[in-house]
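Before any comments, here is the structure.
Each chain gets a letter, A, B and so on, in the order its sequence line appears, and its residues count up from 1. All figures in this text were calculated on a predicted structure; none of them were measured in a lab.
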Amino acid sequence: MVVTRFAPSPTGYLHIGGLRTALFNWLWAKKNNGKFRLRIEDTDLSRNKQEAVDAILKAFNWVGMKWDDEVVFQSERFDVYKKYIDELLEKGFAYKCYLTKEELEKIREAKMKGEEPPIDIRKYRDFKGELDKPYVIRFKAPLEGKICFEDGVKGEQCVDAKEIEDFVIARSDGTPTYNFVVVIDDHEMGMTDIIRGDDHLRNTFKQLLVYKAFGWDVPKFYHVPMIHNEKGAKMSKRDGAVDVMEYKREGYLPEALLNFLVRLGWSHGDQEIFSIEEMINLFDPKDINKAPSRFNKEKLDWLNSHYIKNSPNERLEKLLRDDFGVDIINHDRKEILIDELKERVKTLKEMAEEIEKILTPPQEYDEKAVKKFLKDEVLSNLREFLVFLNDKDPKLPPEWHDVMDEFLKLKGIKPKFLMPPLRIAMVGDTKGIDLAALLSVLGKEEVKKRISSLLAKFEVF
RNA sequence: GUCCCCAUCGUCUAGUGGUCUAGGAUACCGCCCUUUCACGGCGGCGACACGGGUUCGAAUCCCGUUGGGGACGCCA
């Protein structure tokens with residue numbers, strides 16, 4: 001059985017790049033009728049935050065990716081790790097290192113500058129005694145040879161053993177570190193396939209050594225290139241929306257986000273639109289690209305508008321109410337309103353704004369529009385239309401259309417002397433949904449009110 | 001600095017030696033539809049980073065250059 005996982009560290013929110021990695025893992029598990037598991041990597045107690053965990057789980061809920069079994073928290077498994085660390089210590093695969101933080105800092109600085117470190121990081125590798133000083137536990141990495149593995153995306157990956165240092169597996173406070181616990185958990189959780197960002201490629205070699213030390217089977221690795229920002233560099237908070245939930249707040253549908261993300265670094269011929277079912281059926285990590293890709297908001301917008309168009313009105317109404325505080329559930333003409341709007345907006349947020357704009361009487365009138373369309377004779381048209389409306393009772397858009405037509409014929413005037421001004425009276429400018437639909441949504445009384453308001457402001461007696 | 005990864009339209013990508021005068025999508029531009037703005041329809045602009053090989057033949061294979069990215073923690 002295929003078992004995959006997503007293993008975020010709780011740092012505040014679910015990152016958009018993390019979501020794509022999670023999606024790939026989830027799809028692959030689903031496709032193979034396997035399991036997709038969640039593990040919170042919170043070994044660094046100083047950074048552990050409960051709200052962060054909640055935020056991540058919430059994001060998963062929003063996009064509808066369900067994980068199997070219970071969520072594993074590494075912070076609750078320290079005794080397990082301790083056992084394995086002791087085992088490595090006993091078998092001579094690991095050792096206590098008494099180097100101080102200051103000494104380590106010097107080594108690190110030298111490495112970054114490309115200089116020879118002043119102190120050998122393996123100083124205590126063969127030290128037999130015990131010192132009454134704080135220590136970390138390091139893994140004894142091989143001194144020579146090559147370490148290799150077959151990456152499912154990038155092919156065979158090798159590194160010279162001397163490139164891999166004796167890495168820390170337990171801190172001086174006894175807590176275990178990432179490269180160690182990942183292996184323990186992936187093994188105990190039965191992981192068969194690991195799809196993760198290629199920023200982990202280097203770590204894989206260290207992890208391989210741990211697998212080997214325990215004699216465990218090594219899962220299949222797939223290292224997927226990162227998502228870059230629109231400038232081509234690693235995405236960071238500076239780039240705006242990196243928090244998945246930000247997309248919810250901005251009015252994106254989860255399936256649009258998922259569709260967008262699945263096509264970032266993965267493709268299936270020319271296909272652009274994928275339902276969740278199609279993604280599951282068609283996804284295969286062997287089709288993941290080797291090159292990093294850039295985040296591209298226009299494409300996301302396009303997908304989102306596609307999914308909005310294809311959403312049932314009822315769903316849209318609920319989202320509008322729950323997420324944007326625009327409640328039109330009881331509005332008589334809500335179907336017309338939603339039908340009109342869903343065809344033209346890119347986001348739910350935009351839709352909510354449009355609804356507000358329509359349902360709220362205009363506070364002001366667009367200057368340019370007024371100048372262009374509200375000539376004196378036009379105002380008298382509006383006044384006459386107001387009267388004309390008295391013994392009419394249009395309800396649906398076609399009826400409103402007929403009423404306007406009739407009026408135009410009766411007066412012998414062109415549409416532009418009635419329609420744009422009418423629209424200005426309704427919403428304050430000349431842009432928006434079909435006029436007949438707009439009038440229908442507002443209803444005759446409101447239409448009259450708004451015409452009167454406009455006349456009151458511009459009519460000169 | 002060291003090691004590693006990558007390289008097709010602005011962007012996401014198809015493409016695995018001949019069917020490529022390189023396909024799709026998005027963005028952009030134009031036309032049509034339309035009282036308006038959008039949507040939609042149609043059309044257009046637009047790329048194999050460069051230089052060497054290999055081959056009858058290269059976007060596809062090899063080498064180098066350039067460019068971009070990543071890793072180098074008692075973070076994950």
Side-chain angles (χ1 to χ4, degrees), chain A residues 7-11 41-44 46-47 74 97 99-101 104-105 107-108 110-115 134-138 151 153-155 157-160 162-165 167-179 181-182 196-203 205 223 225-226 228 230-234 260 263-273 289-303 305 309 340-346 350 354 369 372-373 404 408 414-424 427 429-436 438:
Chain A
S9 57
T11 50
E41 311 228 312
D42 53 354
T43 56
D44 188 353
S46 62
R47 299 209 305 183
Q74 292 186 325
C97 165
L99 256 20
T100 63
K101 289 194 178 177
L104 255 10
E105 187 53 35
I107 294 175
R108 199 182 145 207
K111 261 204 299 194
M112 289 295 240
K113 276 190 234 155
E115 291 165 7
Y135 61 86
V136 298
I137 296 170
R138 289 185 184 275
D151 188 87
V153 174
K154 310 215 183 202
Q157 301 294 310
C158 288
V159 77
D160 244 29
K162 58 174 176 282
E163 295 282 332
I164 305 299
E165 59 172 43
F167 53 98
V168 173
I169 59 177
R171 304 181 183 94
S172 49
D173 65 359
T175 57
T177 62
Y178 170 76
N179 278 118
V181 295
V182 177
R196 62 187 0 174
D198 69 2
D199 49 339
H200 282 297
L201 206 129
R202 264 324 182 86
N203 291 325
F205 299 110
H223 287 95
M226 319 240 76
H228 287 164
E230 313 208 91
K231 289 190 207 81
K234 200 176 181 179
F260 170 72
R263 284 286 288 99
L264 230 45
W266 176 85
S267 60
H268 179 74
D270 283 341
Q271 189 168 345
E272 296 286 351
I273 308 284
N289 283 170
K290 291 179 178 174
S293 42
R294 296 189 192 198
F295 192 89
N296 166 222
K297 187 169 174 293
E298 280 92 24
K299 194 96 171 226
L300 207 211
D301 282 347
W302 172 69
L303 282 163
S305 65
K309 281 190 191 93
E340 281 287 329
L341 253 17
K342 73 198 277 194
E343 290 296 327
R344 43 192 300 127
V345 300
K346 288 186 165 65
E350 196 184 330
E354 289 295 318
K372 186 167 179 195
F373 291 105
M404 287 190 285
L408 291 176
K414 287 183 178 163
K416 70 169 178 179
F417 294 113
L418 173 70
M419 294 171 130
L422 246 186
R423 184 188 293 282
I424 294 169
V427 294
D429 63 35
T430 56
K431 297 174 193 166
I433 61 169
D434 177 73
L435 181 58
L438 174 62

Counting only side-chain N and O atoms of Ser267(A), is one of them less than 4.0 Å from OP1 or OP2 of A14(B)? yes
Quantified in whole Å, what is the P atom distance between nucleotide G24(B) and nucleotide C42(B)? 12 Å
Does Arg423(A) get its side chain close enough to the base of U35(B), under 3.5 Å, for a donor-acceptor pair? yes
Hey, what do you get for CH2 (Trp302(A)) to CZ (Phe260(A)), rounding to the nearest 0.5 Å? 12.0 Å
Check: G24(B) base within 3.5 Å donor-acceptor of Glu272(A) side chain: yes
Just compare C74(B), G23(B), A76(B) and give me whichever is closest to any side-chain atom of Ser172(A). C74(B)
Among A76(B), A14(B), U11(B), the one nearest any side-chain atom of Arg294(A) is U11(B)
List the atom of Lys290(A), the atom of Lys154(A), and the distance in Å for their closest heavy-atom pair. O-NZ, 4.0 Å
How close or far is atom C1' of U36(B) from atom NZ of Lys372(A), stated in whole angstroms? 9 Å
Between C72(B) (C1') and Phe167(A) (CZ): distance, integer Å: 14 Å
Please state whether the base of G70(B) and the side chain of Asp199(A) form at least one donor-acceptor pair under 3.5 Å? no
Atom-pair distance (CG on Asn203(A); P on A76(B)), nearest Å: 10 Å
If I take atom CG in residue Asn289(A) and atom C1' in nucleotide G69(B), what distance separates them, rounded to the nearest angstrom? 15 Å
Side chains of Glu163(A) and Phe205(A), heavy atoms from C-beta outward: is any pair under 4.5 Å? no
Does C61(B) pair with anything, Watson-Crick or G-U wobble, both distances under 3.5 Å, and if so, with which nucleotide? G53(B)
Quick one: is G73(B) close enough that its OP1 or OP2 comes under 4.0 Å of any side-chain N or O from Thr177(A)? no
Non-hydrogen side-chain atoms of Lys299(A) and Leu264(A) separated by less than 4.5 Å: no
What interatomic distance, in whole Å, is found between P of G64(B) and the corresponding atom of C74(B)? 34 Å
Base, sugar-phosphate, or nothing for Leu435(A), non-hydrogen atoms under 4.0 angstrom? base
Is Gly197(A) touching bases, backbone alone, or none of the nucleic acid, heavy atoms closer than 4.0 Å? nothing
Reckon Leu99(A) touches a base, only the sugar-phosphate, or nothing at all at heavy-atom distances under 4.0 Å? base
May I ask you to say what Asp434(A) touches in the nucleic acid, namely base, sugar-phosphate or nothing, with a heavy-atom cut-off under 4.0 Å? base
How close or far is atom P of U13(B) from atom CG of Leu303(A), stated in whole angstroms? 13 Å
Report yes if at least one side-chain N or O of Thr430(A) is closer than 4.0 Å to OP1 or OP2 of U35(B); otherwise report no. no
Using a heavy-atom cut-off of 4.0 Å across all strands, would you classify Val136(A) as base, sugar-phosphate, or nothing? base
Separation of Arg196(A) atom CZ from G70(B) atom P, in whole Å? 18 Å
Rounded distance [0.5 Å steps], CD1 in Ile433(A) versus CD in Glu343(A): 12.5 Å
Can you find a pair of side-chain heavy atoms, one from Thr430(A) and one from Ile424(A), that are under 4.5 Å apart? yes
Check every strand shown and say whether His223(A) touches a base, only sugar-phosphate, or nothing at a heavy-atom separation below 4.0 Å. nothing
Who pairs with Lys431(A) by side-chain hydrogen bond (donor to acceptor under 3.5 Å, both in side chains), at least two apart in sequence or on another chain? none
For nucleotides 1-7 of chain B, 5' to 3', base contacts (B), sugar-phosphate-only contacts (S) and non-contacts (-) with protein non-hydrogen atoms under 4.0 Å give B-BSSSS
Taking side-chain hydrogen bond (donor to acceptor under 3.5 Å, both in side chains) as the definition, give me every residue that meets it alongside His228(A), ordered by chain and number, with sequence neighbours left out. none
Taking OP1 and OP2 of C12(B), is either one under 4.0 Å from a side-chain nitrogen or oxygen of Arg263(A)? no
Does the structure show a Watson-Crick or G-U wobble partner for G1(B), both distances under 3.5 Å? Name it, or say none. C72(B)
For Glu298(A), check side-chain contact (heavy atoms from CB on, under 4.5 Å) against everything at least two apart and list the hits. Asn296(A)
Determine the interatomic distance between C1' on A49(B) and the same-named atom on U8(B); round to the nearest Å. 10 Å
Taking the side chain as everything from C-beta on, heavy atoms only, tell me whether Met226(A) gets closer than 4.5 Å to Asp198(A). yes
Under 3.5 Å: donor-acceptor pair, side chain of Arg423(A), backbone of Asp434(A): no
Rounded distance in Å - CG (Leu104(A)) to P (G73(B)): 9 Å
Atom C1', compared across G10(B) and A47(B): separation rounded to whole Å: 10 Å
Gap in Å between the two P atoms, one belonging to G73(B) and one to C61(B), rounded: 35 Å
Just checking Gly432(A): base, sugar-phosphate only, or nothing, at a heavy-atom cut-off of under 4.0 Å? base
On RNA chain B, check which nucleotide each of Lys431(A) and Gln74(A) is closest to and give me the residue with the more 5' one. Lys431(A)
All N/O contacts under 3.5 Å from nucleotides 26-29 of chain B to the protein, with atom names and distances to one decimal?
residue, atom, partner, partner atom, Å
U26(B), OP1, Trp302(A), NE1, 3.1

Counting only side-chain N and O atoms of Lys309(A), is one of them less than 4.0 Å from OP1 or OP2 of G40(B)? yes
Where each residue is assigned the nucleotide of RNA chain B containing its nearest heavy atom, which of Phe260(A) and Glu350(A) is assigned the position nearer the 5′ end? Phe260(A)
Determine the Euclidean distance between corresponding C1' atoms of C48(B) and C29(B); express it in Å to zero decimal places. 24 Å
Would you find a donor on one side and an acceptor on the other, under 3.5 Å apart, between the side chain of Ser172(A) and the backbone of Pro134(A)? no
Sub-3.5 Å donor-acceptor pair from the side chain of Asp151(A) to the main-chain atoms of His223(A), do we have one? yes
Output yes when Glu230(A) and Lys297(A) qualify as a salt bridge under the 4.0 Å nitrogen-oxygen rule, no when they do not. no
For A58(B) versus G41(B), give the span between their C1' atoms, rounded off to a whole number of Å. 39 Å
Applying a 4.0 Å non-hydrogen cut-off, can you work out what Ser293(A) is touching in the nucleic acid: base, sugar-phosphate, or nothing? sugar-phosphate
Rounded distance in Å - NE2 (His268(A)) to P (G15(B)): 10 Å
The reported gap from CD in Glu105(A) to NZ in Lys101(A) (rounded to nearest 0.5 angstrom) is 11.0 Å
Any donor and acceptor pair, going by atom type alone, linking the side chain of Asn289(A) with main-chain N or O of Ala291(A) inside 3.5 Å? no
Restricting to nitrogen or oxygen on both sides, can you table the protein-nucleotides 59-64 of chain B pairs closer than 3.5 Å?
none

Where the side chain of Lys234(A) is concerned, which of A76(B), A71(B), A14(B) is the nearest nucleotide? A71(B)
Now, which nucleotide makes the Watson-Crick or G-U wobble pair with U66(B), with each of the two distances under 3.5 Å? A7(B)
Using atom P in both nucleotides, what's the gap between G46(B) and U54(B) to the nearest angstrom? 34 Å
